[in-house]
Amino acid sequence: MPSAALELRGVLKRYGSALGVGPVDFDVREGELLTLLGPSGCGKTTTLHIIAGLLSPDAGTLRFGERDITRLDPQHRDMGLVFQNYALFPHKSVFDNVAFGLRMRRLPKDEIRDRVGRMLEVVGLPGVEARFPDQLSGGQRQRVALARALVIEPTLLLLDEPLSNLDAVLRKRMRHDLREIQQRLGIATVFVTHDQDEAFEMSDRVILMNRGQIEQVATPEELYDSPATRFAAEFIGEANLIEGVVADVADGAAVVDAAVGGRYPARLPDGGARSGDQVYLMVRPERVDIATAPPGNGAVPATVTKRVFSGDLLAFTLRTENGHELVASKPSVAGYRAIGPDAAVWVDLQDCRVLPRES
Amino acid sequence: MGERIGGFGRALFAPITVLYLLFLLAPISFFLLMSVFRYSPMELYEPALTGENFARLLGEDYYRAIIFRTLKIAGLTALFSLLLGYPLAYFLARTRSIWRGVLMFLVIAPLMTGVIVRTYGWIVLLGAQGTVNTTLIWLGLVDRPVKILETELAVLIALVHILMPYMVFPLFSSLTGQDPNVEKAAATLGAGRWRTFFEVTLPLSRSGILMGSALVFTLTAGAVVTPALLGGQNVQMLGQTIYDLVLSTLNWPFASAVASILVLCQFSIIFLYFRGGRRRAG
Amino acid sequence: MPAERTAGSPATAGIGPTGRPLPFASAAAGRYALGALVTAIYVFLLAPVVIIIFTSFNPTEANTFPPSGFSLRWYAKFLDSGGFVDAFKFSLWLGAIAAVGATVIGFLSAYGIVRFLGRRREAGQSLALLPIMIPHILISISLLLALTIVPFPELGGLIVGHIIICLPFTIAGIIASLEGVDAQLELAARTLGASRLRTLWEVVIPLIAPGLLSALIFAFIVSFGDVYIALFLSGPGRTTLPIEIFSYMQWESTPVVAAITTVQILLIIVLGLVVERLVGLRKLMRV
């Protein structure tokens, strides 16, 4: 397992009586891009600011290698932070912006000039040294902010929703460029976003946060396939959550009687489950099988109530005989296109997963 | 985002805290405390508790008249400042004229010239050979110069002039702070111009009216120079009385008692201001 | 009411109308009425200042208006009188010191109020603006009293007093400027290795430089116009211009005062225009 660059243990921050963050525990590993993902107000930016030293936690410790940096001032942490609004100094030229951190470190003038020039090339913006931030486009400002954070050769790169102020096309390209630069420099990075696509495309690992707490730490695939909680299932992609009762448990898998009708095998969550437990059966829309003829035992009859065509995909809303709704997503190929609204179909569920149902 | 006040935050507040505690609050408390000590011709005060300063201040007709006159002039100054300041502030807040900046500047400019300059201006205007009297004689309304200087009227006119800007600014803030759509909404609901003004604009500028009146009232109550130069001995007010007591008779304890009345006025005004403000918020 | 109140002099024209709008027949009539009223108020506001400027060129002894000719004799007299010139110089010197002191302390306090007080900010701001809520005569007397007890140079008392009365204005103005500075810029500077002080110097101060300069000028103006602090704390060798004029006017009143105050008015108008250019005076008056 890769070694940890940064460890957070029991980190807690409260704003008055309001909920802040924590306690949270996690590691940032060498060279990885770790994403803090969650809805606004979930505490991801607060966590990032605690890592940067801009906020001091009410409890808990931050360790950087062997060093306890919990109380260290931000200027001594050597972390490069890119702000959501870039926070470029409006009264300084691009050169002076990027050189700022090097000047604070009292490097010789020649070296500063060299490193600033090289870093602007790395971010793909050579030759703009003399311009001022208000003469740059949004994408260029973003790159300058990145260069300013990277030029100090930070021990950790922190990115606070850096793409959210860009238009859709630019955002897509910057995702790729950012990831590429990060991997080339091999720098451990903490990336904050509320955008699931961004998190999935860029991250090695994702920490899903909600209301100041960590919901799940996982790779993007794990997070999608095996959400640990109802929140994780619903925040990441789309999910059908069907009420059900565990009928039997054997060899780390369960059989669940679902409210839509039918009995399905399902993987168990970390906490496990016992026979008779009230649970949710989670199934992704693309794993809901639809057939126009009864495919065999287990399938449940249903009616199509809505059908939305979006080019490569078809989204079906289905109503089972006992009145439950299901969403299915299918490739828009001839077989599925033939299924019109109001069609009578048979539905089967694949790759189900048991989620705890809190009372 | 409010950070926790650490050493740096404390260092930022250190100079002003030292300055205000040592040179503002401590001396004023000490001075006001003197009002309950006995006067001594030799020392600053005699360390013996007494109520005689207040008894004299409230008992003698001469001082009672001064207190009454001060309150009267302060009240009238606040009133006339409001009556003149409101149309001005309303105009400045609502005008779309390109001259608005200049017009704002013209309200502030006299304020910046200081009290002495403006008081002197009124001496020139109101004197026996001043503009007002020359005009009156030229119009044939009077045949001899009318005595305006050394009357309460002269003091009142000058104080209104000097302090009116302090009324205009809070009014202006509260009028520009209003959502202009509220007035429009009232108009679309069928309220006429005056109806809109009285039912919407005026009540919404209440905080500005209170703030401005409080400022003007207290500044008038503490005025010394303008009453001394324009009113002379005829228009003795509290501020001037304190001045004379400290610099001529060196009666600190009695001066302190007079000042206490001033502070009392001040606190009642501030109290009324906050009560008025809170009622509005609630 | 005395009869002279009905005359159309600028002094009383503004008081005549009640300020309460009358039910005008049409909106246009209402606008004209407001326009006329506002014009009268401006005449009232500016008349004393304009009259002084005219009077200063008056060849005769008496403070008459309109002047009976044109002469610079009162300006000559002003320059000849050692007392007024010394007082003028002293006021310039005192104003400069008080302005620097009030701007530096005001900046520190304003920065603390904006960035460190959080929800207690309103309270902090009110406390910082305390000196405008206290009658200046009270501040002045109390300082005099303190100086008679504590061995502290009286000149120091005068300077401290002026710094105190200037502080509310510098603080209010600098707070307004600081509100335009994105706090993230400071956080960015700190993550890049700048200490808090370095951040102030590299980021905050350059960004609010116009506001600071305005505060400096405005504090100078407040100090230069003050009578109340100087009323009790002036003395031989430290008499401010307003006090010199005040003492002079208690005995006589010639247009030499007009000449001096005209110089003062011009100085202040020029400074005021500089501030207006820099940040707009309104920001500073938001007390």
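Per chain, numbering begins at 1; letters A, B, ... match sequence-line order.
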Quiz: residues 33-48 of chain C side-chain donor-acceptor pairs under 3.5 angstrom, not counting sequence neighbours:
unit_1, atom_1, unit_2, atom_2, d
Thr39(C), OG1, Gly35(C), O, 2.6
Tyr42(C), OH, Leu103(B), O, 2.8

Tell me, out of [options], who's got the most heavy-atom pairs with chain B below 4.5 Å.
options                                    : answer
Val257(C), Ile139(C), Ile221(C)            : Val257(C)
Leu167(C), Leu130(C), Val49(C), Ile245(C)  : Leu167(C)
Ile113(C), Thr261(C), Leu144(C), Ile141(C) : Ile141(C)

Is it the side chain or the backbone of [X] that comes within 4.5 Å of chain C heavy atoms, both, or neither?
X         : answer
Val263(B) : side chain
Leu22(B)  : neither
Ala214(B) : neither
Tyr90(B)  : side chain

What pair of heavy atoms forms the shortest contact from [X] to [Y], and how long is it?
X         : Y         : answer
Phe8(B)   : Leu200(C) : CZ-CD1, 3.9 Å
Phe105(B) : Ile269(C) : CZ-O, 4.0 Å
Ile51(C)  : Gly121(B) : CG2-O, 3.8 Å

Query raised in the report: Are the ring centres of Phe116(C) and Phe13(B) closer than 6.0 Å?
Result: no
I'd like to know if the side chain of [X] reaches the main chain of [Y], judged simply by a donor and an acceptor atom lying under 3.5 Å from each other, with no hydrogens or angles considered.
X         : Y         : answer
Gln250(C) : Leu229(B) : no
Tyr111(C) : Leu12(B)  : no
Tyr20(B)  : Leu127(C) : no

**Report entry** Heavy-atom side-chain contact between Ile123(B) and Met249(C) under 4.5 Å
**Finding:** yes
Query raised in the report: Under a 4.5 Å cut-off applied to non-hydrogen side-chain atoms, are Ile149(C) and Leu44(B) in contact?
Result: yes
Report task. List for me each residue that meets side-chain hydrogen bond (donor to acceptor under 3.5 Å, both in side chains) alongside Thr119(B), sequence neighbours excluded, and say none if there are none. Result -> Thr226(B)
Report task. Please name the residue in the list Leu138(C), Ile134(C), Ile137(C) that meets the side chain to side chain contact (heavy atoms under 4.5 Å, CB included) test with Leu262(B). Result -> Ile137(C)
